[in-house]
Each structure stands twice: as C-alpha cells, then as structure tokens.
There are 2 protein chains.
Amino acid sequence: MNLHDLKSVCGSCTIRELCLPAGLSDDEVHLLDQHMEHRQVVPKGDYLYRVGDPFRSLFAVSSGFFKTVLLHEDGRGQITGFQMMGELLGLEAIHSDHHMCDAVALEDSAVCTIPFDQFEQLGQVMANLQHRFNKDLSREIVREHNVMMLLGSMRSEERLANFLIDLADRHAHRHQSSVEMTLRMTREDIGSYLGLKLETVSRLLSRFHDEGLLEVRGRRVKILDRNALALRRTEAHHQ
Amino acid sequence: MNLHDLKSVCGSCTIRELCLPAGLSDDEVHLLDQHMEHRQVVPKGDYLYRVGDPFRSLFAVSSGFFKTVLLHEDGRGQITGFQMMGELLGLEAIHSDHHMCDAVALEDSAVCTIPFDQFEQLGQVMANLQHRFNKDLSREIVREHNVMMLLGSMRSEERLANFLIDLADRHAHRHQSSVEMTLRMTREDIGSYLGLKLETVSRLLSRFHDEGLLEVRGRRVKILDRNALALRRTEAHHQ
DNA sequence: ATCAGGTTTTGACTTATGTCATTGTACCCT
DNA sequence: AGGGTACAATGACATAAGTCAAAACCTGAT
C-alpha cells in the first residue's frame, strides 16, 4: 500500500480531469499511476527535450508553461505551440522514435513522465485509456488545423485576437482568470507562433490598448472588452 | 474461405505497404480485412464527408486524390492537406465524433472504409496495429508542424518549392514519376494550402519556368532541375 | 540601489504579396 | 465540332507587414 502511495501521481492530482486520465475510473487511474514515473522539475529556460533526442516518454505538463520550437536549418525557428497544465508534450516523436522539435520551459515548470512503451501496453488492456489517447492525438490535429487556418488565411489583427481569446479560454478552463493574464512568452515568441514579427505584435497590442479592448503593461494583459476582441477574430467587422 | 475472399481488401492490395497495414503480418492483415468495409468510389468533385457529419469511419485513399478544407464562418476556406493513395482521411474527427473539415475528391477516387469502433477494438487485441496507428497520428502531427513552419516563416518562393518537392517525393514513394506530374488541384487550391493568392502561385510557376527549373503547361509540371528547385526551399541561396 | 542585458515601444521607410482588371487558354458538355 | 464555363497568366497599382534604427523600459544579478 505504501508502495502505491509512493508511485501514485494522477490519483491525487488536482488537474486530473484536465489531463490524460480525464474520464477514467479510480481503478483505472490507479493502474495508470503504476506506470508513471515521478514528477520532474524543469526550471525556466531549460529544455525538456531537443530535436533528435531519442523518444522514450510522453510528458504531461503538471505546472508551468512550455513552448515547442521547430528549427529550420537556416536558423529560422517556428513555434508550433504553447503548452499549459494538463497538456501533453512529445506526441510528435511517436512517428520516428525521435523528438522532432525542442520543448522549452517558459517558467519554472514540472512534468509527469509517461514511459511510452509501458503506456502502449497499458492501452492494450485499458480500452478507455487508449480511446482517450486517440482523442488527444486527434485534438492536437484539430488544433493544428486551426493554426493553419490562422496562418494561411488571416490578417495580423485577426491572428492576435484569436491568440488572446484562445489563451483566455484555456486559462478559464483551468479556473484561472480569463480577464487578467500574464503572458509567459516574449513578443517575439508570439510573433513566431502567429507568423508575424515582434514589432507587428507590439504595434497590434498597442492598437488594441488604444481602442480600449485591452490594458497592456508589458506582459500583463487585461481583457477589457472581450466581445469586441472576439469580433476582431474575423473579417466580418470590416464589411 | 470464399467468405474471406469476399471481404478481403488489404490482403491483396498493391499499396498495402503504403497504407495502414504496412508492416503487419499476413495473419494480421487478414484479421484487419475482416473489419474493413468494401471499397467506395468517390467521383471527382464529390464530398467524402463534410464538416459536422457524424464520425463513423476512417478512410484510406485507395486511388485518386483528395483535399481537406477547413471553412471559416466568414466564407474563407483553408486547405489543410492533399491526400493521395495510402493516406488516411478523417483523423481530425476522432476527437469530437464529428468531422471538422470537408474532404473533396479532386479526381475520380476510391477509398477503403474503416469503421472506427471496430478498428479500436481490433487495436486492443493487435498491438502492432495500434502501434502503427499511433505512428500515423503522430506523423500527421509532424506534417502539420512542417506546414506551420512553411506558413509562418517562409517566403512565397520557398513555400512553393517545398510544395513541389514534397509532391514529387510522395509520387516517387508511390513509384510514380517524380519528374513529370500532373497537378490535381487548381492554382487557387495550391494558394490556399500555401497561404498565397492564386495570382502569386501563377507568377511563381512562371518564374520557375523562366529560370529553367520547371516546365509548366497548365497542370502538367516537369521538374527540370531538382537540385536548384530544392535550394529554393530555404533562404540560404539569397545570402 | 545600480547597472547591464534583454525586451518592448515607436517612428520612418521598404517591399513582398495582394488586389483589380484584362486577356488568353483549356476543357467539358451537348 | 463548337461554344461556354472554369481556370490561368500577366500587368498596373495598392497596402499590410517587414526592416532598420533609436529610445524607453524592465528585471534580475551584483
């Protein structure tokens, strides 16, 4: 019993319903816990993994904030996502058994480590878990479709409005304020994710501020008029 | 035995190694076949599925060519991918049990239908199949990361060069000529996928033509200088 | 508290790509 | 075979976003 307690992670986790074990029964979570490794701390600025690292485990963000960065040979980098509590890291590595991007902590963070071969075995005997995981992979595909839409078809203002609303919604989902947020990433990071330069991001934030949609003080952002901001996500209001 | 033959699809399929059953044993493929529905024809221009359709099955492209399109409320559309022989369609629908984009045949095509609930059950008893499928989902995530890089960080010329080389490689992988290809999609489709307008795509093709990289006659494209074209994928050659 | 480094803001100017319009081409249908 | 509708190419011009540069601002380390 004590052994169980030592290894137990998800069973007593406050964000269990935001994470991989969402929807599983207590018994199932218990079983999952027996295959989890302990929590691992990742200080701000550290890499959780890098391109080319062999793939052994998935990671679930337990606390903190990450970015994933795709590096191009000629030095350019593209941020492919920002991950917060409950979200999985490393899904891109399953295909080739090697990580295909860098994962960097943007603040002091912690992750739960999920050895993938054990996880796959567990999926064989736990249909619920396998189903959840298929859905998580599919959700990531949907998210990326939406980013493609954003990058391929939207103007800068729409991109930023989408980004901010998405961020606010994810905060809300985690019972954090969706009105006042402190951004964990630089303007350059936001720009990379949105396919814009940092100067453009800065100007847009100033514009939203001037128009009374936001209050912006450095990385502190307060959403003053969510409806108006939400409208900026589409081209409709230009017509 | 005859019953088996009737239902058999993958077992005798010429593109088996390009598709879901790649790497499975004959026995395993045989088992998979028992859960496949028959091939379904999709004439050019028809929808295989539309946004909002309930999700029942995945599809494997057996022959032909598809595009998947994400529609935005304000009428804009973003093409999220082009699928050829052996590639899976419908992965985005697992998350919400509803299709999240339209899938349109760009030429007369055929698909194999894979009822997803049966497929998941089969995955429970066939670790190899489940593993293959996890990899397929992960590969789709990697592909989309690359598109994000393309849309977020590359100039128009680089985008088109990447697109053409990727298309050529996928043809080669299917033992089709990677030198002479006929594009299945319009300039507008290419533009949508690459985040460009059709006029830009047209101009770029003309430019590549003038520079001796390609021979372009309508939708017929012949790659004359693959190396030079490959160089255009990065910014390096501008330095 | 102070200083140094990395951010952020803002301005003036450039440029890649989009927009609009015209003509040309090809393919599909009867 | 022909005629109509889609698609494609090209030119002239407009503009959103990028570039370069300077100044202001934070933040964390000494």
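Chain letters run A, B, ... following the sequence lines, proteins first, then strands; residues in each count from 1. Heavy atoms only: backbone and side chains are in, while hydrogens, waters and symmetry mates are out.
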Discussion item. Using a heavy-atom cut-off of 4.0 Å across all strands, would you classify B:R203 as base, sugar-phosphate, or nothing?
Written reply: base
Worksheet entry | Pairing partner (Watson-Crick or G-U wobble, both distances under 3.5 angstrom) of C:dT19 | D:dA12
Worksheet item: What's the CZ-P distance between A:R207 and C:dG11, to the nearest Å?
Response: 14 Å
Worksheet item: Would you say A:S156 reaches D:dA17's phosphate, i.e. side-chain N/O to OP1/OP2 under 4.0 Å?
Response: yes
Worksheet item: Of all the nucleotides listed (C:dT9, D:dA17, C:dT17), which has the minimum atom distance to the side chain of A:R155?
Response: D:dA17
Worksheet item: Closest nucleotide of DNA chain C for B:R159 versus for B:K44: which of these residues is on the 5' side?
Response: B:R159
Discussion item. Over all strands shown, is B:L205 touching base, sugar-phosphate only, or nothing at heavy-atom distances under 4.0 angstrom?
Written reply: nothing
Response to the item:
With syn defined as a glycosidic angle within 90 degrees of 0 and anti as anything else, the base of D:dA6 is syn
Fill in: A:D169/A:R226 salt bridge by N-O under 4.0 Å criterion
yes
Worksheet item: Between A:R217 and A:T200, who's closer to the 5' end of DNA chain D by nearest nucleotide?
Response: A:T200
Worksheet item: Is the closest side-chain donor-acceptor distance between B:S153 and A:R76 under 3.5 Å?
Response: no
Worksheet item: Hey, is the side chain of B:E199 pairing donor to acceptor with the base of C:dC20 inside 3.5 Å?
Response: yes
Worksheet entry | Between P of D:dA9 and CG of B:D210, the distance in whole Å | 11 Å
Discussion item. Pairing donors with acceptors under 3.5 angstrom, does anything connect the side chains of B:E144 and A:H145?
Written reply: yes
Practice prompt. Indicate yes or no: does A:E211 engage A:R232 in a salt bridge with an N to O separation below 4.0 Å.
Written response: yes
Worksheet, complete the sentence: note: A:E107, atom CD; D:dG28, atom C1'; distance rounded to Å ~ 17 Å
Fill in: Protein-nucleotide distance (A:M154, atom CE; C:dT17, atom P), rounded to Å
20 Å
Fill in: Nearest-Å distance for atom pair CG/P, residues A:L204 and D:dA16
12 Å
Item to complete: Report the relative orientation of the aromatic rings in B:F55 and B:F116; use parallel for angles under 30°, tilted for 30 to 60°, perpendicular for over 60°.
Response: tilted
Discussion item. For a quick check of understanding: with a heavy-atom distance under 4.0 Å over all strands, which category does A:L198 fall into, base, sugar-phosphate or nothing?
Written reply: base
Discussion item. Does D:dA6 have OP1 or OP2 under 4.0 Å away from a side-chain N or O of B:T186?
Written reply: no
Item to complete: Report the nucleotide, chosen from D:dA9, C:dT17, C:dT7, that has the shortest atom-to-atom distance to any side-chain atom of B:R187.
Response: D:dA9
Worksheet, complete the sentence: Among the nucleotides D:dA9, C:dT7, D:dG18, whichever has the atom closest to the side chain of A:R219 is C:dT7
Discussion item. Any salt bridge linking A:K135 with B:D97? Criterion: basic side-chain nitrogen under 4.0 Å from a carboxylate oxygen.
Written reply: yes
Worksheet entry | Gap between atoms CG and P, on B:L196 and C:dT19 respectively (whole Å) | 11 Å
Item to complete: Whole angstrom is fine here: how far is it from CG in A:D189 over to P in C:dT7?
Response: 9 Å
Worksheet item: Tell me: CD of B:E188 to P of C:dT19, nearest whole Å?
Response: 12 Å
Worksheet entry | Watson-Crick/G-U partner (both atom distances under 3.5 Å) of D:dA21 | C:dT10
Practice prompt. Would you mind telling me which of C:dT8, C:dT19, D:dT10 lies closest to the side-chain atoms of A:S202?
Written response: C:dT8
Worksheet item: So what does A:G195 touch, heavy atoms closer than 4.0 Å: a base, only the sugar-phosphate, or nothing?
Response: sugar-phosphate
